[in-house]
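The figures that follow rest on heavy atoms only: side chains count, while hydrogens, waters and symmetry mates do not. Nothing fancy with the numbering, it's 1 onward along the sequence.
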Amino acid sequence: MESLVKIQNKRILGFSKTFALILICGIDALVLSIFNTSESYRFLFLLPISYLVAYLIFVPMIQAKCNYRRGFPYYIAQFVLFYRYLLLPLACLYTEIYGGWTAYGTNGFGVEPQASSMTKAILWMCTEVFAAEVGLYFGTEWVRKREIKRKKLLQTSVEPEFLRYKAVLSVFCIVAFAMLLLFQRQIFSQFMVLSDDYSTGSNATSGSFFKLIFLAFRFGFLLLGYSYCAQNYKRNKRKIWIFGAMFFLFLYIGYSVGLSRWNLILPVLASVEIFEDVFKPFPKSILAAVFACAVIAMMSISFYKYGYLLQGNGNQWTQMLLLIFQQSNEYISGPRSVAQGIEMLTAYRSRISVATIFNSLFSGYAGLASLTNDANKLQSFFNQYALGGPLQDHPLICPIIIEGLGLFPIFPWVFSMLFEALACMMDYKGRTSKMHEYRFLYTYLGLWFALCFNVNTKIEVAQISQILPCFLLMYVNRKFVIKNKMDNTWKVTSMSSNKG
């Protein structure tokens, strides 16, 4: 009887959510239709309608397929779609009514697209939401099959471990620290320094080798700190170890934030998923404080980057929030950015070749970047067209639908579907892995895939190339154990040959 009541309440809640979404999308489309006076945005009302149709078709299918407790990557992916198709159009309308937000009074960076290009952009965006939900569906189907197999093999519940073996990782961190201190000492003066790169460490180091070493060192040091705090918390349940873990997170962020707000918030989200599992019960007050600090830090970066655009009078925080809202067109591949990309493809189509595909996809991959031609890639073409030249300080991000149209015109939704599916897969691995160190890395990578509409393939590939060595490091750390023999000598033992 009790189970039937729960099922009925769940159905009522699901119906209420669906009804609320239909109401919100309807009001959104109505507002966009009534208040829009721009020829460029006359079809803007189609965005919330297309989102509603895609949601009603695919989300119930995704829910029916899902057989595990989902984490941040999946929900962030769905939230990005919600924002892009419901709130971003309102940001476009607000900018059109109240004027542009840039220093020149324009509606965004770069050239103003033609109305016909804006119409094409909106129509492409309408198709892209279906591709994204299809990607999430395929990712969920992949997850469902593996979860069924996992449950068949897993007879009893297994508590995830956190760095059961630490010797190899500890040795790596010591050696890496010594190398960086000897050859790249300037790195350690970059704590909490704001720079234009996606990582202050990338700015401070010279060469791909040291960049990877520094990134792996940061991850390794962070996970060693988390493991130490988790083990002590498990022993005595003192909250001081939770604050200790926060301290290690603060150190990690301090050496990676740059001017990327994502480099600040994503490690926090990945860490929170770990904290809720290893620091049971995780205090809600501390959780709220962590997110509050992250939001304040993100706003501080926004003030640093765009404070010069604010007016002298009025509440500065309110102005900054409105400015961030208007900038949605630039940061979440809005109609204006997509329209600029469509015009760029028309102007540069003859210059796109197989070399352009290689350069566009692998210019961000550590170790291959030196083999690519930075001038012959879609990202450079996009900036050259939109800005009149490659702007190195604040380059515009070419939308992934434009990369699909430019590189794979037969099926331009390939990146949208692929990254959304990968977000689901990484989310599942981050929730079910037997090792917390892998859970952190899977969740962190999944969050980048979930933000595929905020970034481009170069950034996604760059993140993959930076995380893969960390996975390799964790594998080696778990595969090989440094043991102390009876005669006080040391040897490295493979765990495949020594199960004990």
CZ/Phe449 to CG/Leu447 distance, rounded to the nearest 0.5 angstrom? 11.0 Å
Looking at Arg349, I want to see if its CZ is surrounded by more than 12 non-hydrogen atoms of other residues, nucleotides or ligands under 6.0 Å. yes
Under a 3.5 Å distance rule, please check whether Arg431 uses its side chain to pair with a backbone N or O of Arg69 as donor and acceptor. yes
Residues which pass side chain to side chain donor-acceptor pair (under 3.5 Å) with Ser117, listed by chain and number, not counting sequence neighbours: Glu343
Between Ala450 and Ile76, which heavy-atom pair has the shortest distance, and what is it? CB-CG2, 4.0 Å
When every non-hydrogen atom of Asn456 is compared with those of Gln379, the smallest separation belongs to ND2-OE1, 2.8 Å
Under 3.5 Å: donor-acceptor pair, side chain of Ser433, backbone of Lys429: no
Value for CD (Glu420) from OG1 (Thr140), rounded to nearest 0.5 Å, stands at 10.5 Å
Do Gln231 and Leu163 come close enough that some side-chain heavy atom pair is under 4.5 Å? no
For Tyr348, give me all partners under ring pair (Phe, Tyr, Trp, His ring centres under 6.0 Å), at least two apart in sequence or on another chain. Phe381
Got a sec, which residues hit salt bridge (Lys or Arg N to Asp or Glu O under 4.0 Å) with Glu128, two or more places apart in sequence or on another chain? Arg84
From CA spacing to verdict: side chain to side chain contact (heavy atoms under 4.5 Å, CB included), Cys66, Val143: CA-CA 8 Å; Cys66 183; Val143 164; over 6 Å; no
Measure the CZ-OG1 distance between Arg336 and Thr95 for me, rounded to the nearest 0.5 Å. 9.5 Å
Between Tyr442 and Phe471 (judged by ring centroids, cut-off 6.0 Å), do the two rings come close enough to count as a pair? yes
Would the Phe172 and Phe217 ring centres measure less than 6.0 Å apart? no
Are any non-hydrogen side-chain atoms of Pro335 and Leu88 less than 4.5 angstrom apart? yes
Just wondering, do Leu345 and Leu378 contact through their side chains at under 4.5 Å, heavy atoms? yes
Only distances under 3.5 Å count here; give the side-chain donor-acceptor pairs of residues 396-415 to other protein atoms, sequence neighbours excluded, each with its distance to 0.1 Å.
unit_1 : atom_1 : unit_2 : atom_2 : d
Glu403 : OE1    : Thr457 : N      : 3.1
Glu403 : OE1    : Thr457 : OG1    : 3.2
Glu403 : OE2    : Thr457 : OG1    : 3.0
Trp413 : NE1    : Thr127 : OG1    : 2.9

So side chain to side chain donor-acceptor pair (under 3.5 Å) across residues 239-248, not counting sequence neighbours, yields Asn236-Trp241
Do Val80 and Leu451 have side-chain heavy atoms sitting under 4.5 Å apart? yes
Is it the case that atom CZ in Phe138 sees more than 12 heavy atoms from other parts of the structure closer than 6.0 Å? no
Just jot down the ring pair (Phe, Tyr, Trp, His ring centres under 6.0 Å) partners of Phe72, sequence neighbours excluded, or say none. none
Least distance between heavy atoms, Lys166 atom then Ser227 atom: CE-OG, 2.9 Å
Within a strict 4.5 Å, meaning less than it, do heavy atoms of the Cys452 and Leu418 side chains meet? no
Might you point out which heavy atoms bring Val338 and Ala121 nearest each other, and give the distance in Å? CG1-CB, 3.6 Å
Taking atom CG of Leu182 as the centre, report whether more than 12 heavy atoms of other residues, nucleotides or ligands fall under 6.0 Å from it. yes
State whether a side-chain donor-acceptor pair under 3.5 Å links Tyr226 with Ser271. yes
For the residue pair Met426 and Pro73, establish whether any side-chain heavy-atom pair is separated by less than 4.5 Å. no
Report the C-alpha separation of Asn373 and Phe358 in whole Å, then their side-chain angles, then the decisive distance to 0.1 Å, and conclude whether the side chain to side chain contact (heavy atoms under 4.5 Å, CB included) test is met. CA-CA 9 Å; Asn373 180 5; Phe358 178 81; over 6 Å; no
Side chains of Lys458 and Lys377: does their closest heavy-atom pair fall under 4.5 Å? yes
Separation of His436 NE2 from Arg164 CZ (nearest 0.5 Å): 14.0 Å
For Tyr137 and Glu141, does a side-chain donor sit closer than 3.5 Å to a side-chain acceptor? no
Of all heavy-atom pairs linking Pro113 and Gln340, the shortest is CG-CG, 3.7 Å
Report the residue from Phe221, Phe219, Phe275 that forms a ring-ring contact (aromatic ring centres under 6.0 Å, His included) with Phe248. Phe221
Is it true that atom OH of Tyr228 has more than 12 heavy atoms of other residues, nucleotides or ligands lying nearer than 6.0 Å? no
Using the side chain to side chain contact (heavy atoms under 4.5 Å, CB included) rule, take Ile324 and Met320 through it: C-alpha gap first, then chi angles, then the decisive distance, then the call. CA-CA 6 Å; Ile324 294 173; Met320 179 54 68; 4.0 Å; yes
So Glu273 and Arg439, do their side chains get closer than 4.5 Å, heavy atoms only? no
Using atom types as modelled and distance alone, determine if a side-chain donor or acceptor of Ser465 lies under 3.5 Å from a backbone N or O of Ala462. yes
Checking Trp448 against Ile459 for the side chain to side chain contact (heavy atoms under 4.5 Å, CB included) test, could you report, in this order, the C-alpha distance in whole Å, the side-chain angles of both residues, the deciding distance, and whether it holds? CA-CA 9 Å; Trp448 277 107; Ile459 297 174; 3.9 Å; yes
Which value, rounded to the nearest 0.5 Å, describes the distance between Tyr74 atom OH and Leu136 atom CG? 6.0 Å
If you look at every heavy atom in Cys92 and Asn329, which pair is closest and at what distance? SG-ND2, 3.2 Å
Below 30° counts as parallel, above 60° as perpendicular, anything between as tilted: where do the rings of Tyr83 and Phe79 land? tilted
Identify whether the distance between the nearest side-chain nitrogen and carboxylate oxygen of Glu147 and Arg150 falls below 4.0 Å. yes
To the nearest 0.5 angstrom, please state how far the OH atom of Tyr75 sits from the CG atom of Leu269. 14.5 Å
Can you tell me if Asp427 uses its side chain to pair, donor with acceptor, with the backbone of Arg70 under 3.5 Å? no
Ignoring hydrogens and angles, tell me if any N or O in the side chain of Thr443 forms a donor-acceptor pair with the backbone of Ala270 under 3.5 Å. no
